[in-house]
**Student:** 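Starting off with a structure, shown below.
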Amino acid sequence: MRIRMASLLALALVLAGCSSSGDDSETGPIRIGLTVPLTGNYQALGTGDQQGAQIAVEQINADGGIDGRKIELVIKDDKTQPDQSVLAFNAHKNEGAVAVIGSSFSNSALAAIPLAERASMPYLSLAAADQQVDPVRKFAFQIPARSSTYAEQTLKYFQTAKITKIALAHDTKSSYAVAGYEAVKEKASQYGVTVVVDRAFDTGTQDFSAVFGPVRTSGAQAVFFWATGPPAVIATKQFATAGLSIPLVLTGAQGTPLFTKPAGAAAEKVVLSTSIGVIGKDLPAGDLKQAVDKLGGDYQKKYGTPPPQFAADGYCGVIVLAEAIRKAGSTDGKKVQAELEKLSLLTPNGRYEYSADDHSGLSTDNIAIATVTGGAFVPTSWMTEQLKTNLPK
């Protein structure tokens, strides 16, 4: 009898120890996993995501947390490697995380999503490749706009700017770039755009002469370049010396000083499609401006620069998840998933409108077309006009 009582007491202590961490109970801190590349080729993306996520957690906790419960953010480095993302997800699950936010690297996110599905655990991806949410997976949601959304907004810009012929280049090793490339190819004709040069490269490319060389005699009026990380900086510098007088057009992956600073003068006048929050200082007064400034003020104080695209993504990942948990009144994965599917929330990235059929949440109205001017991102004249009528509310 004494042995049995001792065993029961030991079991009770183990259970008490588990519940005290707040992992599975509805009391104590809410543990959220964050997996981002803090080393490797996509370190710049992951660092920004981490910074934004930490600011969101600090703001929510300072405001009393979620129904009185503080958020505990547990950060793991996937090293820009899909297999490390898998290991990180399993570690988060075993350590009691109620959901996982990550990774900035589409390939890593795609590797972790099947695990989230099996575990019935919400996974909010900080990567933009369409393959994560098309087809819809029940527990996978996207925080940045989809690659195809960036592509379509850029095609709208081309149509208005009377750009009818483009050169298209993409990184074959990036799921994000491949998805964007495929969307441009699929939708270009809808906007009166023809791809007259089509070039591929991989993440390790150092010489882009094979990409830019054919453009000279092609009649292309712009180069639309899809990449993440170092290749965009290298290509931008080489484009500036290639003797081409047409615009170089990039995407949200370059919406950060971590692109403009190393690219330097070569980045001037580059056009890019990016999160609407990146042009925060030029937004008209209103609710969106307030949402952007709430992140921007704290980020500027802490890091001395406006928040890049990736910081906004990390920040939005936390506040979107926190709102779903708040509405669910629970950290149960299935209940949180159900609330995510009907969430409508205005954030620094614009308004998320998820549904059972749409786990990406952001439309083209939430994408800015900007130019680099003096090292800063400023809206094009077309974008300034769009903000007058299509501002997310």
Side-chain angles (χ1 to χ4, degrees), residues 35-37 40-42 45-46 49 78 80-86 88-89 99-119 121-155 168-188 198 200-203 224-229 231-232 251-253 273-275 309-310 313 316-317 320 337 340-341 349 352-364 366-367:
T35 300
V36 286
N41 282 342
Y42 286 21
L45 285 68
D49 283 321
D78 71 16
T80 320
Q81 296 176 23
D83 61 335
Q84 294 299 311
S85 180
V86 168
F89 180 89
V100 173
I101 300 171
S103 167
S104 328
F105 182 32
S106 293
N107 298 29
S108 288
L110 285 164
I113 284 171
L115 304 180
E117 293 295 294
R118 289 198 289 271
M121 181 184 292
Y123 186 95
L124 279 68
S125 175
L126 298 173
D130 289 46
Q131 299 96 313
Q132 301 166 105
V133 292
D134 184 11
V136 170
R137 294 169 172 85
K138 188 170 183 179
F139 288 90
F141 294 81
Q142 200 159 319
I143 293 300
R146 296 194 300 179
S147 299
S148 60
T149 306
Y150 286 121
E152 187 161 12
Q153 182 74 331
T154 309
L155 288 168
L168 183 61
H170 78 287
D171 182 348
T172 59
K173 301 298 184 183
S174 164
S175 297
Y176 163 78
V178 170
Y181 165 81
E182 290 177 348
V184 174
K185 294 282 283 186
E186 177 186 347
K187 299 181 180 186
D198 188 338
F201 58 92
D202 65 39
T203 310
F224 197 0
F225 190 90
W226 284 85
T228 51
T251 68
S273 54
T274 188
S275 164
Q309 164 82 61
F310 311 115
D313 292 340
C316 290
V320 163
Q337 184 274 344
L340 282 167
E341 280 198 342
N349 273 350
Y352 288 90
E353 297 275 5
Y354 293 120
S355 71
D357 299 322
D358 181 4
H359 283 197
S360 63
L362 294 175
S363 68
T364 54
N366 300 286
I367 303 299

**Student:** Hey, could you give me the CD/CG distance between Gln153 and Leu362, rounded to the nearest 0.5 Å?
**Tutor:**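 Between Gln153 CD and Leu362 CG, I get 12.0 Å after rounding to 0.5 Å.
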
**Student:** Atom CZ in Phe224, atom OG1 in Thr251: separation rounded to 0.5 Å?
**Tutor:**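 Phe224 CZ to Thr251 OG1: 7.0 Å, rounded to 0.5 Å.
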
**Student:** Using modelled atom types and a 3.5 Å cut-off, is there a donor and acceptor pairing between side-chain atoms of Gln132 and backbone atoms of Ala127?
**Tutor:**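 Yes: the side chain of Gln132 pairs with the backbone of Ala127.
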
**Student:** Could you report the tightest heavy-atom contact between Tyr42 and Thr80, atom names first, then the distance?
**Tutor:**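 For Tyr42 and Thr80, the tightest heavy-atom pair comes out as N-OG1, 3.3 Å.
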
**Student:** Between atom CD1 of Ile113 and atom CD of Gln142, what is the distance when rounded to the nearest 0.5 Å?
**Tutor:**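 That separation rounds to 8.0 Å.
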
**Student:** So which atom in Ser360 and which in Arg146 form the shortest heavy-atom distance, rounded to 0.1 Å?
**Tutor:**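 In this case the closest contact between Ser360 and Arg146 is CB-CG, 3.5 Å.
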
**Student:** Taking the side chain from His359 and the backbone from Ala140, do they hold a donor-acceptor pair closer than 3.5 Å?
**Tutor:**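 Indeed, once roles are kept as given, a pair shorter than 3.5 Å links the two residues.
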
**Student:** Whether the side chain of Gln309 engages the backbone of Ala253 through a donor-acceptor N/O pair (distance < 3.5 Å, no angle test) should be reported.
**Tutor:**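 No, the answer is negative, given that no donor and acceptor are paired below the 3.5 Å cut-off.
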
**Student:** Looking only at heavy atoms, what is the nearest atom pair of Arg137 and Gln131, with distance?
**Tutor:**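 Heavy atoms of Arg137 and Gln131 come nearest at NH1-O, 2.6 Å.
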
**Student:** Between Ser103 and Pro37, is any pair of side-chain heavy atoms under 4.5 Å apart?
**Tutor:**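 In short, these two side chains touch, coming nearer than 4.5 Å.
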
**Student:** I need the Tyr176 OH to Leu45 CG distance, nearest 0.5 Å.
**Tutor:**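 Tyr176 atom OH to Leu45 atom CG measures 9.0 Å (nearest 0.5 Å).
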
**Student:** Would Asp313 and Asn349 count as having a side-chain donor-acceptor pair, cut-off 3.5 Å?
**Tutor:**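 Note: Asp313 and Asn349 side chains meet the donor-acceptor criterion.
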
**Student:** Can any side-chain N or O of Gln337 pair as donor or acceptor with the backbone N or O of Phe139 at less than 3.5 Å?
**Tutor:**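 No, the answer is negative, given that no donor and acceptor are paired below the 3.5 Å cut-off.
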
**Student:** Nearest 0.5 angstrom please: Ser273 OG to Glu152 CD, how far?
**Tutor:**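 Separation between the atoms: 11.5 Å.
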
**Student:** Shortest non-hydrogen contact from Val178 to Asp171?
**Tutor:**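 Scanning both residues completely, I find the closest heavy atoms to be CG2-O, 3.8 Å.
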
**Student:** Which atom names give the shortest non-hydrogen contact between Thr364 and Thr149, and what distance separates them?
**Tutor:**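 Looking at all heavy atoms of both residues, the closest pair is N-CG2, 3.7 Å.
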
**Student:** Any donor-acceptor pair under 3.5 Å linking the side chain of Ser85 with the backbone of Ser108?
**Tutor:**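 Judged by distance alone, yes, a pair lies under 3.5 Å.
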
**Student:** What verdict does the side-chain contact (heavy atoms from CB on, under 4.5 Å) test give for Ile143 and Ile101, after you've listed the backbone C-alpha separation in whole Å, the side-chain angles of each residue and the deciding distance to 0.1 Å?
**Tutor:** CA-CA 9 Å; Ile143 293 300; Ile101 300 171; 5.6 Å; no

**Student:** Output the distance between atom CH2 (Trp226) and atom OG (Ser147), rounded to the nearest 0.5 Å.
**Tutor:**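 The OG atom of Ser147 is 5.0 Å from CH2 of Trp226, to the nearest 0.5 Å.
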
**Student:** Is there a side-chain contact (heavy atoms from CB on, under 4.5 Å) between Phe141 and Val320 once you walk through the steps?
**Tutor:** CA-CA 10 Å; Phe141 294 81; Val320 163; over 6 Å; no

**Student:** Classify the ring geometry of Tyr181 against His170: parallel below 30°, tilted from 30° to 60°, perpendicular beyond 60°.
**Tutor:**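 Aromatic pair Tyr181/His170 classed parallel.
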
**Student:** Using a cut-off of 6.0 Å, state whether more than 12 heavy atoms not belonging to Lys187 lie near its atom NZ.
**Tutor:**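 Counting other residues, nucleotides and ligands, NZ of Lys187 exceeds 12 neighbours.
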
**Student:** Applying the side-chain hydrogen bond (donor to acceptor under 3.5 Å, both in side chains) test to Ser175, which of Asn107, Thr228, Asp130 qualifies?
**Tutor:**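 By the side-chain hydrogen bond (donor to acceptor under 3.5 Å, both in side chains) criterion, Ser175 pairs with just one of Asn107, Thr228, Asp130: Asn107.
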
**Student:** For Phe310 versus Asp49, what's the shortest heavy-atom pair and its separation?
**Tutor:**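 Closest heavy-atom pair between Phe310 and Asp49: O-OD1, 2.5 Å.
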
**Student:** Evaluate the ring planes of Phe89 and Tyr123, with Trp represented by its six-membered ring, and classify them as parallel (under 30°), tilted (30 to 60°) or perpendicular (over 60°).
**Tutor:**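 Phe89 vs Tyr123 ring planes: tilted.
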
**Student:** Before giving the answer on side-chain contact (heavy atoms from CB on, under 4.5 Å), spell out for Val100 and Met121 the whole-Å C-alpha distance, their side-chain angles and the decisive distance to 0.1 Å.
**Tutor:** CA-CA 8 Å; Val100 173; Met121 181 184 292; 3.9 Å; yes

**Student:** Measure from the side-chain N and O atoms of Ser104 to the backbone N and O of Leu126, and report whether any donor-acceptor pair falls under 3.5 Å.
**Tutor:**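 Side chain of Ser104 to backbone of Leu126, a donor-acceptor pair under 3.5 Å: no, none is there.
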
**Student:** Verify the ring-centre separation between Phe201 and Phe225: is it less than 6.0 angstrom?
**Tutor:**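 Ring centroids of Phe225 and Phe201 are less than 6.0 Å from each other.
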
**Student:** Leu110 versus Pro82: any side-chain heavy-atom pair under 4.5 Å?
**Tutor:**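 Contact flag for Leu110/Pro82 side chains = no.
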
